[in-house]
Amino acid sequence: MNENLELIGAIDKTRLPKHIAIIMDGNGRWAQQRGEERVFGHNNGVQAVRETAEAAAELGVKFVTLYAFSTENWNRPKQEVDALMHLLVVTINNEIKTLNDNNIRLRAIGNLESLNPEVKLELEEAMEKTSGNSRMDLFLALSYSGRWEIVDAMRKIAGKVKNGELNPDEINEKLVSSCMNAPDLPDPELLIRTSGEYRTSNFLMWQTAYTELFFSSKLWPDFRKEDLYEAIIDFQHRERRFGKTSEQIINCKG
Ligand code: IPE
Ligand code: IPE
Ligand code: MG
């Protein structure tokens, strides 16, 4: 606990990332290390979700996006996919009260139409019941992939061009951003991936063009508030140059 207070003290609250995106990875290995089925790891990942969301909201982060199920994850064995979907239904339902107590609004990105009706219904209900909350938006990326989202945006844009609403010359970055699943969601300043894998696995491809990446060796079920604090502290020690020189950045500050 004291260690946490020390870490919180090291965070500059005036320079918090507005949006933190997280690739929650390593559940299967966590379970296998304990001689258990992979699903055991997914079940134990829920506590990490709870802690991360709470810690982010307490600090004043406005948006957190959790990669919960990718387009590619549909290719896992049916038994695991079914277990993950079941876990989603149960967890979303169980967490509504905690989300409301913490003033957190639940939202989602991804191909929600591809989810089974029970999951979709539960998700819609939780989003509705938390829609009045305003401290932080917690996004679940479900049946999501960055390429899918970009293709989806292209389809919307092509539709507008086809029916004469839009001239191809008017297509620019701002327009493409506005055609993403959640146009009001700012690009993440920080992306965290757990489990020691160094890749982004088709997550938020458009939005992470200039995101700072932080890789944690912890497996997701072991991720705790202090791990989030450490990632934020590391982020705050970086110089974000956006193509400029270091001198330009320093002069701008001065
Ligand atoms: C992340 O953990 C959870 C999901 C992808 C749904 P994994 O299930 O990928 O765990 P590992 O990477 O196999 O250990
Ligand atoms: C990425 O993790 C997807 C989620 C965390 C939901 P994976 O474990 O599926 O990624 P890869 O396949 O190892 O890259
Ligand atoms: Mg994995």
Side-chain angles (χ1 to χ4, degrees), residues 1-8 20-58 64-99 102 104 106 108 110 115-116 118-119 122-123 126 138-145 190-204 213-234:
M1 198 61 211
N2 282 341
E3 191 210 353
N4 272 1
L5 287 177
E6 229 171 83
L7 287 169
I8 293 174
I20 301 178
I22 305 180
I23 302 175
M24 313 184 285
D25 197 16
N27 296 351
R29 278 164 282 170
W30 189 91
Q32 278 156 356
Q33 283 174 2
R34 287 159 180 78
E36 300 280 351
E37 297 287 329
R38 296 175 55 81
V39 176
F40 183 68
H42 299 315
N43 291 338
N44 279 278
V46 176
Q47 182 59 23
V49 171
R50 230 175 258 137
E51 291 222 8
T52 305
E54 199 177 86
E58 284 165 353
V64 167
T65 303
L66 301 175
Y67 204 4
F69 192 84
S70 72
T71 306
E72 289 76 17
N73 288 151
W74 288 113
N75 298 320
R76 291 194 178 190
K78 184 175 182 305
Q79 189 205 355
E80 182 171 345
V81 172
D82 289 348
L84 274 166
M85 291 300 144
H86 177 70
L87 178 64
L88 267 170
V89 172
V90 174
T91 309
I92 291 172
N93 192 284
N94 283 345
E95 295 305 309
I96 296 176
K97 188 180 177 310
T98 314
L99 289 168
N102 283 294
I104 298 173
L106 186 73
L115 296 172
N116 75 41
E118 204 192 350
V119 179
E122 203 61 65
L123 183 66
L138 179 67
F139 276 88
L140 295 181
L142 287 172
S143 190
Y144 175 89
S145 74
L190 174 62
L191 168 67
I192 299 170
R193 184 179 188 140
T194 58
S195 89
E197 304 291 356
Y198 298 94
R199 56 179 176 271
T200 56
S201 303
N202 214 348
F203 191 35
L204 298 175
L213 310 180
F214 181 88
F215 297 99
S216 164
S217 58
K218 285 255 179 103
L219 300 175
W220 179 251
D222 291 329
F223 199 81
R224 289 293 172 269
K225 287 187 174 184
E226 55 267 33
D227 299 300
L228 183 77
Y229 302 146
E230 275 170 16
I232 295 173
I233 293 166
D234 190 274

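When side chains are defined from C-beta on, L123 counts as touching L142, because their heavy atoms get closer than 4.5 Å. Side-chain contact between L219 and Q33 is present, with at least one heavy-atom pair separated by less than 4.5 Å. With a 4.5 Å cut-off on side-chain heavy atoms, I104 and T98 do not count as touching.
Using a 4.0 Å cut-off between a side-chain N of Lys or Arg and a carboxylate O of Asp or Glu, R224 and E226 do not qualify as a salt bridge.
In this structure, F203 and Y67 have parallel ring planes: the angle between them is below the 30° cut-off, well short of the 60° mark.
Atom NZ of K97 sits about 9.5 Å away from atom CG of N102, to the nearest 0.5 Å. Between the CG atom of N2 and the CG atom of L7 there is a distance of 11.0 Å, given to the nearest 0.5 Å.
Using modelled atom types and a 3.5 Å distance limit, the side chains of R29 and S195 yield a donor-acceptor pair.
For F69, the ring pair (Phe, Tyr, Trp, His ring centres under 6.0 Å) partners at least two apart in sequence or on another chain are W74. Not counting sequence neighbours, R34 has no partner by the side chain to side chain donor-acceptor pair (under 3.5 Å) test. Partners of W220 according to the side chain to side chain donor-acceptor pair (under 3.5 Å) rule, which considers only residues two or more places apart in sequence or in another chain, do not exist here. Residues satisfying the salt bridge (Lys or Arg N to Asp or Glu O under 4.0 Å) test with E230, not counting sequence neighbours, are none. Annotation: side chain to side chain donor-acceptor pair (under 3.5 Å) contacts of S201 (sequence neighbours excluded): R193. Legend: residues meeting ring pair (Phe, Tyr, Trp, His ring centres under 6.0 Å) with F40, ordered by chain and number and at least two apart, are W30. S70 meets the side chain to side chain donor-acceptor pair (under 3.5 Å) test with N73; sequence neighbours excluded. For the salt bridge (Lys or Arg N to Asp or Glu O under 4.0 Å) test, residues two or more places apart in sequence or in another chain that qualify with E80 are R38, R76. Under the salt bridge (Lys or Arg N to Asp or Glu O under 4.0 Å) criterion, K218 pairs with D227, sequence neighbours left out. Among residues two or more places apart in sequence or in another chain, the salt bridge (Lys or Arg N to Asp or Glu O under 4.0 Å) test is passed with E122 by none.
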Tell me, with the steps shown, if L138 and L99 meet side chain to side chain contact (heavy atoms under 4.5 Å, CB included).
-> CA-CA 9 Å; L138 179 67; L99 289 168; 4.1 Å; yes
Carefully, step by step, assess E197 and I23 under the rule side chain to side chain contact (heavy atoms under 4.5 Å, CB included).
-> CA-CA 10 Å; E197 304 291 356; I23 302 175; over 6 Å; no
Worked check of salt bridge (charged side-chain N to carboxylate O under 4.0 Å, His left out) between K225 and E51 = CA-CA 6 Å; K225 287 187 174 184; E51 291 222 8; 5.8 Å; no
Apply the test side chain to side chain contact (heavy atoms under 4.5 Å, CB included) to residues I20 and I232: give CA-CA distance (whole Å), side-chain angles for both, the deciding distance (0.1 Å), then the verdict.
-> CA-CA 9 Å; I20 301 178; I232 295 173; 3.9 Å; yes
Kindly indicate, with the supporting measurements, whether the criterion side chain to side chain contact (heavy atoms under 4.5 Å, CB included) is fulfilled by D25 and F215.
-> CA-CA 11 Å; D25 197 16; F215 297 99; over 6 Å; no
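Residue Q32 places its CD atom among more than 12 non-hydrogen atoms of other residues, nucleotides or ligands, all under 6.0 Å distant.
P221 and G41 get closest at one heavy-atom pair: CG-O, 3.6 Å. Closest non-hydrogen pair, F223 versus T52, comes out as CD2-OG1, 3.6 Å. Closest heavy-atom contact between A126 and I92: CB-CG2, 3.3 Å. Taking each heavy atom of V64 and A56 in turn, the nearest pair found is CG2-CB, 3.6 Å. A231 approaches L190 most closely through the heavy-atom pair O-CD2, 4.1 Å. Here the shortest heavy-atom pairing between T194 and M24 reads OG1-C, 3.8 Å.
With hydrogens and angles disregarded, no donor-acceptor distance shorter than 3.5 Å links the side chain of S145 to the backbone of T71.
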Cut-off 3.5 Å, no hydrogens considered: what does the side-chain donor-acceptor table look like for residues 82-91, sequence neighbours left out?
{"from": "D82", "atom 1": "OD2", "to": "K78", "atom 2": "NZ", "distance (Å)": "2.6"}
{"from": "T91", "atom 1": "OG1", "to": "L87", "atom 2": "O", "distance (Å)": "2.6"}

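Pairs passing the salt bridge (charged side-chain N to carboxylate O under 4.0 Å, His left out) check and including a residue from residues 64-74, sequence neighbours excluded, do not occur.
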